Every structure is written in C-alpha cells, then in structure tokens.
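Notes for the one structure printed next.
This structure is a prediction, so every number in the text was calculated from the model and none was measured. Counting convention: from 1, in listed order, for ligands and their atoms alike. Along the sequence shown, residues are numbered consecutively beginning with 1. Side-chain atoms are counted along with the backbone in the values below, which use heavy atoms only and exclude waters and symmetry mates.
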Amino acid sequence: MTTPKNVDRRQFLQYSLFGATLAAFPGVLLAESSQIKTSPTPGFNADVELEFTAQDAFISIFDEGKKTKVQKYFAKLLKGPKETLTQLHDTHLGPIVHFVKGQKVRVFFNNELTEPHIIHWHGLHVPQSSDGHPMYSVEPGEKFVYEFEVLNRAGTSFYHSHAHHLTAEQVYRGLAGLITVSDDEEKALDLPRGEYDVPFAIQDRTFDDNNQLQYLNGMMMGKMMGFLGDTILVNGKKDAEFAVKTRAYRFRALNGSSSRIYKLGWEDGTPLTAIGTDACLLEKPETRPYIMLAPGERVDLWLDFTGREVGSKLVMFSLPHSGTMPAMYEKMHKGGKHSEAGSEQHRGMGMMGGMQHGGGNKTEAGEHQGMGMGGMHGGGMQGGGMGMMNGLAQGAKFVLATFKVTEKVSDSPKLPTKLVTFQRLTAADTDNAGQPIPIAISEGPMAMRLNTKPFSMDEVMDIEKVKLGSIKKIKIFHAHGGEQKMEHGDNAESKSGGMMGGMGGGMMMSMAHPIHLHGQQYQILSRKISGMGSPGYETVKDGFIDSGWKDTVLVMPGEEVEIVKPFQDYKGLFLYHCHNLEHEGMDMMRQFYIS
Ligand code: C2O
Ligand code: CU
Ligand code: CU
C-alpha cells in the first residue's frame, strides 16, 4: 500500500510541522487552538482516560490463507469504569468505546502509523480542538491529546480517521470503531442491555486472492462514484451470523462504508423498528418496511425474535434500490445482476473486464485529483465504466447477516411506546427562517463541491460564519446549471457553481450524497423533490427516519432537505462534508466558523 502525498498534503505538512500554525491561518482562525495539543490540561480532571494507538496490524478475517494487513486502533483504559472499552478480536475495527453522559474524557493518542493521522469522534459534540479537524493531523510517531466532556445524550456514534486527504483510505484500511453513550434517561427505559445490545457495523471491502485489501484498484471512476467493495463485512466479519434467543435485541447499525448505501430489510418482509438515529434515541419507535442507511449514518434497531422457532433462520438483506447513482450508472445496472445478485459476489464480473487496468487513477494530482477527463472519454462513460468493476453494484441486493434462533427464553423487554423527550425544532426556532444557510451540492466531472468551493484549511465564507448560541435553518440542495442557484453566496461563487453544473455535470452526474455536519446534531424539517425529480425515489423513500436527531442526512438527486441546527457550546471551526468518503477526499467539504 502506498499513499501518494500530493502537493496539498506537503504544503499542509509544512505548516503543521512547526506546531504553531498561526501564519497559515490568517483572519478568522484561532492561533492557539490550531496548535497540536500534546499534554494534558492541568485543570481538566478526567473521569475517563484512554490511550489510543493507531498502527498497522495483521488480522484474520478469513479462515484460510494469509492474514490481512490493516490499519487498526488499539485502546487501553488508563482510568475510569472498566466497562468503558469492549475489545473486539480478529477485526480491523477498533474497540467499542462506552461513554456515559457527563463524563470528562481524556484520550492520549499515539500515531504509530507510517502516515499522518487524527481521530474524529463522529456524533460527539466536542470542542474544535478535540474534534479531529484535519488541521490537527499528526505525523508518524507524534501524539495528540483530546479532552472533552460527553454532552451527548444516549445513542450510537463512531470514531474514525479524519487525516487530511487520507480519511477515505485510512477508514477503508480499518481506522474506525463504534461509540455508545448512555445516560439516565436511557437507563430508565427497559431496553435490551448487555449481551442483547449488539454492534452492527456494516462495511464493504474488496480483497485480492491473498486476502489483502484492494482500494480503488481499476475503478476508473472510483473517486467520482465512490468505492464499492464486493465483500460485505459486519463487525469486520464476512458472512456474519448472529445466534439469538427468542427475545428482543438492540442492534446498533452503523454504515461505516465509504460510499455504499444500504437498504436494511428482512427477507420475509417483516418490518423493521428503529429506536434511535444518529447519536440519539427517538421520541418513539418507528416501524418501516425497510430502513435506508447511508455512509456515516447510524440506526438503533429493535429486533424482536420472540415467537420464532428455535432452529429457524432469518436473513437480513440490503434490498434492491435505485436512484442514488448518476443516470448512466443506474441505466447500466437495471435488472439482471442488479437485483438478483443475492449473496453471491461477482468478483471481477462484467462489462468492465477489459477496462480494469485502463487509465485508472492511482496517483493523486493535487486538487483536481480523481478521475481525469481522459478516463472519461477513454470509454469510461460509454463503456460503462462508472466505477462499478467489483461486481456488487450500488443498489444491488445482497445478504447482510443471518440470525439463527438458538434458544427459547421467556424474558424479553417490550418495545416501549415512548422513548425519550426532546424539543422538536421548527423554522420558528431559527433566526434565519427566510434566509437559510445554503449547502449547495454541485457535481461535475472534475469536482464534487459544497457551496462551489473546495475545502480549504484556513478559510470560511461569510455564509459559513455563525454566531455562537444561534439556531439556524440550513437548506441542502443540488445546484445544477441554471435550475437552482445558491441564494446567499457571493455572486461570483454561485456563477461558477452553475457553470460547473452546466458543463457536463448537472443532472448527468447527479447522485445521492450523505451530508454530515460536525458539532451538534440537527433535526430534519422537510424533504422536497424538485426539478426532474429522482427516478428510483420510490425504492428508497419509505426508509428515511427523519424524526430524530441527525448528523448525517442522505440527500437524493433532485432533493432539497431543510434542517434546523443549533450551534451551541463551542466556538471554532466545524466541518461539514459529504460522507461518501471518496467525495470528502476530493474536498467536498467546507467548514462553519462559530464565533
Ligand atoms: Cu464521520 Cu467529518 O466525519
Ligand atoms: Cu463527524
Ligand atoms: Cu458526495
């Protein structure tokens, strides 16, 4: 594995090597807090102290053959309740971290990788300096100290790499793990606990014949479409099986994949019940025929095996769906393999045979990395390149996991009718109801962007400046040439966004993006399909759970999603980006500056 260091990266290293990055952050940015923190704050009395190390490791994912080289988090509990860490074995995933609301946490991080790294606590509302902003990426052999209080309510979050331009590949190679937060409100509920509270981290990977991870190899359009692997792992295991008793369980589902969007559903059509979304329990359970789970999203499932026969098996699928990929891709994968893939892996199958090695982009060339025009005209589009070469298309049907009922028991909690209470936010709670902050998605052959500009470490636009304590309405939408313009951007910017859309981008490239905002969770106000709409929308629309707190929301092509987000507690820079990690790596990321 090599990770080419591009020009951006080198330039950034120059800044961070000097520790004080002051000069590189003119204007808005906060000199002292951009420093790499390497020692504990004397007055910060931690209830929990952890030591995290990221390093290369070899693990047994397969029963036979070579061990798989991964990058992995190891953690040790230095101080605090012993149940803080659940160690997982034979998986690339880091240990599960169990926090309790109100705890003060200190994490000593050691980077023992051969490349820069920083950890982000996705879903936790923490200060900028502990949020894993890529400006804090530390070099191999260096350390970083995190300190934060757990302000979150009970729910499921996760941690993962946020190293500058390295996030996607590092997460792919293993650098991620689950977080649970519990609180008194949750404890008062009769929810499944202990062995009945189970992680369900879903990821897709591609392995070569030596059991080694393959990343984007031969995927010509891989960066544009995102990485799609041909092997589904749950909790780091292939062909996942769970032995269950005849009672209710809580399964904490996380989509830890780069780009794959799952449509969770039982094979026999039994509906699915959710009790929580990103980082928080719902007000009341929601039962759906299926549940959509985009990269970065979590859903806490209530799976009840009561009344099932001992010896019976239930299969959870990712059900067939469409409409999340650009029109050309969708057309190519209609019918046939698309919906009948079953659990079989069609490694290397298909139309792309001869193109596997033609013109793939293995090098990253500065800012416009990703696929080049050459790749596109060289048959990428016409020949059906579109990044799908590994056999399991976006939207295909496949098995996620099998549940075997192994024991009859009589004690099961009942699904509560009410879960937690929280204030339902409306536009009236915001101070900008008539002038929402835009998050404009633009898609072009050269670039995926938010608000038309690539990520830049040291810059925010006026529309990205927010007053501490305010509650904002934010409108996330697709900005295609002419159809829809950014409303409050400076004009020059909105024009370039429109142009990008018009020039070969626009609807042709339009796809679904999971948009993630760091910091506090938000609520979803509305979803609207505009313009040409979204073919395939009816295959996904009943699976969005929009009634809870969210930090990541899937925005379908042609869709406009309005959210309400509080910006409380912490000043500073907080990222927002596409959680399709290949897109994030292409700088489909910006930041808010809270002051
Ligand atoms: Cu899960 Cu900024 O990321
Ligand atoms: Cu995050
Ligand atoms: Cu995206």
Using a 6.0 Å distance limit plus a 45 degree cone around the ring axis, check whether K72 lies over the aromatic ring of F74. yes
Is any side-chain N of the basic residue among E559 and K541 closer than 4.0 Å to the acidic one's carboxylate O? no
Geometry at the Cu ion (ligand 3) - H513 ND1 versus H583 ND1 angle, rounded to 10 degrees: 110°
Strictly under 2.8 Å of the Cu ion (ligand 2): which protein N/O/S atoms qualify? H120 NE2, H516 NE2
Among N, O or S atoms, H162 approaches atom 2 (Cu) of ligand 1 most closely through NE2
Compute whether any side-chain donor of one residue and acceptor of the other, for H162 and H122, lie under 3.5 angstrom apart. no
N-O pairing of R527 and E560 below 4.0 Å: no
At less than 2.8 Å, would any N/O/S atom of H518, backbone or side chain, sit next to atom 2 (Cu) of ligand 1? yes
Metal site atom 2 (Cu) of ligand 1: N/O/S of H577 inside 2.8 Å: yes
Taking the six-membered ring for Trp, are F144 and F108 ring centroids under 6.0 Å apart? no
Pair F422 and W549, ring centroids less than 6.0 Å apart: yes
Between K101 and F99, is NZ or CZ placed under 6.0 angstrom from the six-membered ring centre and within 45° of the ring axis? no
Only residue of H516, H120, H117, H92 satisfying ring pair (Phe, Tyr, Trp, His ring centres under 6.0 Å) with H160 is H120
